[in-house]
Protein chains: 2
Amino acid sequence: MNNDESLKLESQLCFRLYSLTKLMNRHYSPVLKKLGLTYSQYLVMLVLWENNNTTSVISVKQLGEKLDLDSGTLSPLLKRLEKQAFVSRVRNSEDERSVEVKLTTLGCQLKAQAQNIPQEMFSITGMSVDELHNLNSQLDSLLVTMKTK
Amino acid sequence: MNNDESLKLESQLCFRLYSLTKLMNRHYSPVLKKLGLTYSQYLVMLVLWENNNTTSVISVKQLGEKLDLDSGTLSPLLKRLEKQAFVSRVRNSEDERSVEVKLTTLGCQLKAQAQNIPQEMFSITGMSVDELHNLNSQLDSLLVTMKTK
DNA sequence: TTTATTTAAGTTGTGCACAATTTGATTTTG
DNA sequence: CAAAATCAAATTGTGCACAACTTAAATAAA
């Protein structure tokens, strides 16, 4: 492919990823809005729902590592989730630099309302389970490669 | 896959797309910064560079259709590109509702500096040309399906 | 031990992305 | 033709995502 050709929009993987991510978000938004969540807030809740109780804690730092987000993004986002009473934020008494996030009872309860979202979104892709797994693993290796370069 | 399983971060296609798009942006940002562009501004320039001259025009509306962006995103973005003298914006005299965008001489010249960006980004993916084409076409069909639902 | 370095959150500022609305122009149609 | 509907941009407001910086705490080094 020559330079002029590769400068075209249609040839670019990045533009596809960018467009798909926007499209995904548009499908998620109305569904998540019913729960009072944005997509990024939903990602935080997914992490917290993995230990679905009001005692497990995770630091902002750890949350950032899981989601690949920094405190500049997470701090205000977590405040919004706290304002809605889905999470609580408490400074760690052992290490005062760290802030621990955990689910509130309301935040726990919200999980039930989110149970069928993945299935709903999967159906929108029109893919088979095999195709999904195949695409997922391709994207995983791309993620690994691009993180280390 | 049960509901609890599918609510996990690792099982989700969307999270992979979201993460990859952020990662892409992080690779593009430093490279594009040298040209004075953000990724979204670069996309606009890619469209304009397809007719690389200072006479071809495209309306904000058409630009929005190509990039799947609305005027709420494009209007301020185009103003920034205009402030940097990469594009000019002129209201269409035939139809005063429409605004035509075109490259300035400076905007045309900028293309030369962008020539090797696609190659550079491709090398970061670590993929072969075949793998890239294959992934691109998978994402294309996903885009088609998701647009129509 | 006190100085230096590192670390975790938070803050500030910029630029999207998009919903909702406004403004003004063009079409439609009654 | 005039009123109604449609259309293209722009504006306003919200919430990321991230760079750059600040603050306060913990750890390491001199």
Side-chain angles (χ1 to χ4, degrees), chain A residues 14-15 17-30 32-33 36-45 57-84 87 89-101, chain B residues 14-15 17-30 32-33 36-45 57-84 87 89-101:
Chain A
C14 295
F15 182 59
L17 292 171
Y18 162 85
S19 300
L20 264 175
T21 299
K22 281 193 300 173
L23 208 46
M24 289 283 191
N25 227 310
R26 283 179 213 159
H27 282 288
Y28 269 101
S29 286
L32 291 175
K33 196 170 190 174
L37 297 174
T38 64
Y39 182 68
S40 308
Q41 290 168 5
Y42 171 67
L43 292 180
V44 169
M45 296 306 283
V57 295
I58 185 170
S59 68
V60 174
K61 166 91 174 143
Q62 289 171 308
L63 215 38
E65 279 161 5
K66 285 223 179 200
L67 300 175
D68 196 15
L69 291 171
D70 67 8
S71 69
T73 302
L74 285 173
S75 288
L77 187 155
L78 290 168
K79 279 190 184 177
R80 282 176 216 116
L81 286 179
E82 193 181 38
K83 203 189 294 184
Q84 293 203 82
V87 307
R89 287 152 66 247
V90 182
R91 208 158 271 274
N92 185 340
S93 54
E94 316 266 293
D95 185 340
E96 291 277 343
R97 291 171 304 180
S98 171
V99 164
E100 321 250 66
V101 182
Chain B
C14 296
F15 182 59
L17 292 170
Y18 162 84
S19 300
L20 263 175
T21 300
K22 283 194 300 174
L23 208 47
M24 288 283 190
N25 227 311
R26 286 180 211 158
H27 282 289
Y28 269 102
S29 286
L32 291 174
K33 196 167 190 178
L37 297 173
T38 64
Y39 183 67
S40 307
Q41 290 169 4
Y42 172 66
L43 291 179
V44 169
M45 295 305 285
V57 296
I58 185 169
S59 68
V60 174
K61 167 93 173 139
Q62 290 170 307
L63 214 38
E65 278 161 5
K66 285 222 179 201
L67 300 176
D68 196 16
L69 291 171
D70 67 7
S71 68
T73 302
L74 285 173
S75 288
L77 188 155
L78 289 167
K79 279 190 183 177
R80 282 177 217 115
L81 285 178
E82 193 181 38
K83 202 188 295 184
Q84 292 203 83
V87 307
R89 289 153 63 246
V90 182
R91 208 159 270 274
N92 185 340
S93 54
E94 315 268 292
D95 185 341
E96 290 277 345
R97 292 173 301 180
S98 170
V99 164
E100 321 251 63
V101 182

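Order of the sequence lines fixes the chain letters, A, B, ..., with proteins taken first and strands second; residue numbering starts at 1 for each chain.
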For [X] and [N], what is the distance between atoms [atom1] and [atom2] respectively, to the nearest whole Å?
X        : N       : atom1 : atom2 : result
Gln41(B) : dA17(C) : CD    : P     : 10 Å
Leu69(B) : dC18(C) : CG    : P     : 6 Å
Asp68(B) : dC16(C) : CG    : P     : 16 Å
Ile58(A) : dA8(C)  : CD1   : P     : 14 Å
Lys33(A) : dA17(C) : NZ    : P     : 19 Å
Tyr28(B) : dA17(D) : OH    : C1'   : 18 Å
Leu67(B) : dA17(C) : CG    : P     : 10 Å
Met24(B) : dC18(D) : CE    : C1'   : 18 Å

*Output the single nucleotide from dG15(D), dA26(D), dC18(C) whose closest atom is nearest the side chain of Glu96(A).*
dA26(D)
*To the side chain of Asp70(B), which of dC18(D), dA25(D), dC18(C) is closest?*
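When the side chain of Asp70(B) is considered, dC18(C) is the closest of dC18(D), dA25(D), dC18(C).
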*Checking all strands, does Glu65(A) fall into the base, sugar-phosphate, or nothing category for heavy-atom contacts under 4.0 angstrom?*
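Glu65(A): no heavy atom of the nucleic acid under 4.0 Å.
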*Would Glu96(A) and Arg91(A) satisfy salt bridge (Lys or Arg N to Asp or Glu O under 4.0 Å), going step by step from the backbone distance to the final call?*
CA-CA 6 Å; Glu96(A) 291 277 343; Arg91(A) 208 158 271 274; 5.1 Å; no
*asked:* Test of understanding: with ring-ring contact (aromatic ring centres under 6.0 Å, His included), list the residues that count as partners of Tyr28(B), not counting sequence neighbours.
replied: Tyr39(B), Tyr42(B)
*asked:* So, taking the atom named OG in Ser75(A) and the one named CG in Leu69(A), what distance separates them when rounded to the nearest 0.5 Å?
replied: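 It comes to 11.0 Å.
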*Does OP1 or OP2 of dA17(C) have a side-chain N or O of Tyr18(A) closer than 4.0 Å?*
yes
Kindly say whether [Y] contributes a backbone atom to a donor-acceptor pair with the side chain of [X] at under 3.5 angstrom?
X        : Y        : value
Lys22(B) : Asp68(A) : yes
Gln62(B) : Ser59(B) : yes
Gln41(B) : Thr38(B) : yes

*asked:* Among residues at least two apart in sequence or on other chains, which ones pass salt bridge (Lys or Arg N to Asp or Glu O under 4.0 Å) with Asp95(B)?
replied: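 Counting only residues at least two positions away or on another chain, Asp95(B) forms a salt bridge (Lys or Arg N to Asp or Glu O under 4.0 Å) with Arg97(B).
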*Assign a letter to each nucleotide of nucleotides 2-11 of chain D from its 5' end: B, base within under 4.0 Å of a protein heavy atom; S, sugar-phosphate only; -, no contact.*
-----BSBBB
